[in-house]
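Step one of this worksheet: look at the structure below.
Chain A is the first sequence line, chain B the second, and so forth, proteins listed ahead of strands; every chain is numbered from 1. Values in this document were obtained by computation on a predicted structure and should not be read as measured data.
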Amino acid sequence: MSFFFALLFILASLVFVVGLTLKIIQYAKTPVPLKIVTTPAPVTKSGVVLRMFREVVFFESLFKSTKWTWIFSWVFHMALLLVLIRHLRYFIEPDAVPAVVWTLIELVQPFGMYAGFGMVLGLVGLFLRRVLVDRVRYISAPSDYLMLLMLGFIGFSGLMMTFVVHTDIVAIKQFFTFNGGQLPADFPLIIHLSLVALLMLIFPFSKLLHVPGIFFSPTRNQVDNPREKRHIVPWAKALEEEQN
Amino acid sequence: MAIEVDGKSYEVDEEGYLVNLDDWVPGIANVMSAEDDLELGDEHWDIINFLREYYQEYQIAPAVRVLTKAVGKKLGKEKGNSKYLYALFPYGPGKQACRYAGLPKPTGCI
Amino acid sequence: MAKAEFDVPELQEYVDVPEVEEGTMAHVKSFVVTKPEHNTDLGFPGELVEDWHDKALEKLDDLRGRYRSLQVFLDACVKCGSCTDKCQYFLSTKDPKNMPVGRQDLLRKVYRRYFTFAGKYFPKLVGAEDLTRETLDDWYNYYHQCSQCRRCSVFCPYGIDTAEISMAAREILDSIGYGQKYCNEIIAKVHKIGNNLGLPGPAIENTLEGLEEDMVDDFGVEVKFPLDVKGAEVLLVTPSADFFVEPHVDGLIGYGKVFHEAGISWTMSTTASEAGNFGMFIGSYENMRRVALRVREAALELGVKRIVFGECGHAWRVAYAFLNTLAGPFDFLDPDYPVPQHICEFTDDLIKEGRLNLDKSQNDDMVLTFHDSCNVARATRMGDKPGGQFEIPRNVIKAVCNNYVDMHQDTIGEKTFCCGGGGGLLTDDLMETRVNGAVPRMTALQNAMNEKGVTHMAAICAICKSQFTKVLPYFGMEMDQIVSVHQLVGNALILTTQKSEGDDEEQENDD
Amino acid sequence: MHRLIDLKRVAVMMVASVLLSFATAAISDSTVVEGSKAAGMDKGGCVAPQMDMRRNHMEYLKHQRDEVVHKGDRSSKFALAECVNCHASKDKKGHPVPVNAKDQFCDSCHDYAAVNITCFQCHRKVPEEK
């Protein structure tokens with residue numbers, strides 16, 4: 001079983017990293033021929049950094065829009081962040097990082113543990129919304145529900161292992177740090193890891209691309225200075241030269 | 001599409017405007033207005049004729065202000081306003097009267 | 001041509017979010033180009049090409065490689081539903097394809113089917129669909145029910161802007177010869193004659209001469225409306241509707257009086273006699289550039305030092321955000337002024353400098369409110385601070401009127417509702433869409449009328465003014481309740497040598 | 001065809017890397033004091049099988065605590081003192097080393113897994129002198 005999961009995770013990591021990198025390269029390479037920032041917008045670069053920060057950390061636009069969606073998704077994402085930080089302990093050797101970092105990872109453990117509930121709760125809220133609000137139901141494809149279910153089961157199986165049916169985390173860490181550990185054959189763990197691997201596999205091919213996408217969104221990341229500074233991309237420049 | 005006037009067929013576009021300006025005969029205005037349940041009186045004809053004259057000279061329908069001014073000069077100041085024109089042509093003097101007069105539809109941000 | 005061939009929605013106290021009702025607007029189809037030259041003049045095939053299926057996909061592929069916005073927006077949507085209740089067209093038509101995400105998905109499902117792994121192998125799972133004739137018609141119908149107002153983009157957590165998607169969709173449609181008559185006929189006129197209305201030089205001249213006569217008659221002052229004057233300081237580029245209809249022309253009179261009073265020489269141009277740029281509506285960079293270049297050429301030819309744009313919403317977007325890109329650099333103009341300037345910025349500066357003698361009481365017969373036009377509000381700026389596009393027009397209005405109140409906070413500023421006629425929808429064949437799209441704005445206006453005694457609404461967009469003139473009567477209001485901002489300025493502005501009412505006494509000059 | 005070769009290459013590389021990872025040293029089991037009760041692990045030495053202890057020792061200790069503190073029942077086989085008795089090693093001079101000291105029985109895993117233990121703020125960390 002360990003062998004199978006080792007293969008699965010190597011494959012999943014490869015697909016995740018390569019796929020995401022290719023997507024990011026694609027986004028970065030695709031030109032933005034016009035200034036299309038949604039105004040009012042910052043007129044300086046540092047202002048844009050601040051705007052992006054508010055957007056990424058506080059979901060500012062969503063907050064303006066729909067309070068319920070905002071609560072559920074913000075709770076979910078922030079909890080997910082804590083949970084992910086908590087999971088660093090499975091991949092980092094204490095000696096490999098400065099003591100401060102390790103202390104921080106230790107400190108976040110209890111928060112990460114309970115954040116699991118927040119994550120599942122947020123997902124349940126988002127799922128219910130998708131089912132109950134007719135507008136959202138209309139725009140939902142099967143994959144939209146499955147994505148939430150998948151994340152929900154990842155969270156749920158994780159919570160099970162944290163609070164109900166413990167597993168051998170030392171062995172797991174040895175497995176993931178290439179120290180030859182055998183994965184314990186625990187049911188929740190198998191579910192947990194399989195779904196995580198699946199999530200990583202579909203990441204570069206799904207709407208999870210909103211993660212890199214937001215950083216490349218021209219309506220948010222442009223500086224509002226078209227009158228002050230001429231903005232022109234190569235293909236537009238070429239067109240200009242061809243026609244002049 | 002086409003409309004029948006005195007047994008003759010005239011081509012109009014999808015919005016009911018005459019395709020060939022030179023085809024225009026007064027009967028066209030009568031048939032078009034009858035379809036709109038509007039009876040054309042002298043006041044209407046004053047406008048229609050003015051539109052046609054203006055178009056001959058400038059290749060475009062007159063601006064509303066030009067039209068009201070001309071109407072005001074001809075028929076008295078109290079009639080030189082768009083309210084009066086709208087009373088004559090309820091769907092808009094520009095568009096409706098132009099259609100009767102065989103002018104192309106003025107389009108733009110209007 | 002009967003007045004209402006559809007049910008006119010009744011205004012309620014609030015705009016409630018409706019339950020979706022599929023297909024209510026599927027029948028609304030704007031006229032398709034029937035004269036091939038309306039397409040070919042723009043560089044598109046004259047009529048729907050036979051291999052439209054492959055050509056459309058090719059174009060989509062091309063566009064997503066040239067516009068990052070399109071690529072990212074097609075990928076990033078998570079269907080959170082945040083935008084679903086933000087579009088004025090959905091709110092009153094209930095048609096889910098008028099929800100921003102519903103509209104986007106018409107294109108997104110095809111993108112997924114042909115250009116993504118998931119859509120190629122698991123189409124049902126991710127809602128990917130083949131490009132069929134029905135889809136193509138859906139594109140045509142629903143992308144011409146979007147005013148590209150960007151209200152959805154304000155609320156999207158990823159900043160997805162349906163305007164970008166709808167521009168791309170229209171460009172694809174154009175590229176296969178499936179163009180919209182209204183937009184394409186107008187762009188062809190601009191290319192050929194110089195303005196949207198197709199006003200030839202002599203007609204503009206005739207109109208302006210009329211205005212000059214009126215100025216002398218009304219005020220005894222020779223306020224000029226100069227055309228093609230070489231060596232003038234300022235080139236004013238204004239929507240051609242300002243020459244043609246009311247209340248637009250009252251705004252033009254206002255500009256003229258402001259220039260006259262400021263003592264700044266100015267001119268308009270017969271070749272650049274249009275501020276609007278419908279090239280943006282159809283998403284065509286090439287056409288937009290061609291239209292924009294006229295402004296540069298006119299400025300060079302007339303040797304002006306500054307360019308000022310008149311009251312027009314999407315024109316201001318193209319001018320403010322794109323002109324420098326499309327037709328720049330403007331290093332031949334006076335570097336002390338932004339290129340271009342909005343007429344409201346221009347007037348606001350003069351007011352601040354105290355160079356205009358304003359009598360607010362001239363507008364006392366009105367209680368005013370201001371409609372933030374979508375393109376000005378969410379795609380541009382005025383002045384040097386973010387949000388200047390909201391403050392400066394209001395400052396101007398407040399400087400010339402005693403009675404001003406805002407409509408409800410959620411319907412102005414960046415959250416403003418579109419008038420319902422923007423983005424190439426201002427055509428009679430889309431009246432049902434336009435009237436429905438106006439409902440949220442009309443509701444806010446009616447509430448302001450009932451609660452705050454508002455009598456008139458001012459706007460700085462030719463499309464808004466025309467749209468309201470047309471739709472106000474559908475809701476039991478008067479068509480002349482919509483006014484130009486510079487109409488108000490013109491009313492209040494007392495010209496230095498103006499004869500006072502009732503007598504011909506000469507006034508003393510103060511300086 | 002090219003694609004197939006690429007695929008093969010990737011597969012081979014993946015298998016190789018997995019084998020490589022297995023070849024690295026496994027964690028040693030020598031955390032038990034020689035000659036202690038627990039040295040006969042899984043042969044009835046410890047209070048429960050190793051696999052069970054690794055997963056659930058905290059539950060057992062917590063459970064035992066409740067039994068003792070709330071019910072006064074000291075009959076449970078899961079007593080922290082017993083853990084310490086078996087698992088505290090001795091230094092060169094023969095003095096017992098605290099179980100939570102660096103690299104000692106408790107610490108080695110808990111530090112590895114970033115888990116703070118608070119037991120020894122109150123409880124003894126070395127066996128009781130007899």
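Options C:C183, C:G201, C:A203, C:A462 differ in how many heavy-atom pairs under 4.5 Å they form with chain B, and the most are formed by C:A203. Contact count versus chain B (heavy atoms, under 4.5 Å) is highest, among C:K189, C:Q467, C:K465, C:K470, for C:K189. When each of C:N195, C:T469, C:D429, C:N206 is scored by its heavy-atom pairs under 4.5 Å with chain B, the top score falls to C:N206.
For C:Y182 (side chain) and B:G108 (main-chain N/O), a donor-acceptor pair under 3.5 Å exists by modelled atom type.
The one candidate from C:V245, C:L252, C:T207, C:D250 that meets the side chain to side chain contact (heavy atoms under 4.5 Å, CB included) condition with B:R65 is C:D250.
With a 4.5 Å cut-off on non-hydrogen atoms, C:D242 does not touch chain B at all. For C:I253, the part lying under 4.5 angstrom from a heavy atom of chain B is the side chain only. For C:P239, no part lies near chain B; criterion is any non-hydrogen pair under 4.5 Å. Heavy atoms closer than 4.5 Å to chain C are found in the backbone of B:P62, but not in its side chain.
Side-chain contact of C:K181 with B:T107: a donor-acceptor pair under 3.5 Å is absent, judged by distance alone.
Between C:P473 and B:Y86 there is no side-chain heavy-atom pair separated by less than 4.5 Å. Within the 4.5 Å cutoff, the side chain of B:P106 has heavy atoms near those of the C:F244 side chain.
Around the CG atom of B:D6, the shell of radius 6.0 Å holds no more than 12 heavy atoms that belong to other residues, nucleotides or ligands. No more than 12 heavy-atom neighbours from other residues, nucleotides or ligands sit within 6.0 angstrom of CD on C:E47.
Distance CG/C:L426 to SG/B:C109: 6.5 Å, rounded to 0.5 Å. Note: B:I60 CD1 to C:L197 CG = 6.0 Å, rounded to the nearest 0.5 Å.
When the heavy atoms of residues 78-85 of chain B are compared with those of chain C, the residues falling under 4.5 Å are B:S82, B:K83, listed by number. When the heavy atoms of residues 27-35 of chain C are compared with those of chain B, the residues falling under 4.5 Å are C:F31, C:V32, C:T34, listed by number. Against chain C, no residue from residues 37-53 of chain B qualifies, as none has a non-hydrogen atom under 4.5 angstrom away. For a heavy-atom cut-off of 4.5 Å, chain C lies close to B:K69, B:K73 in residues 69-77 of chain B.
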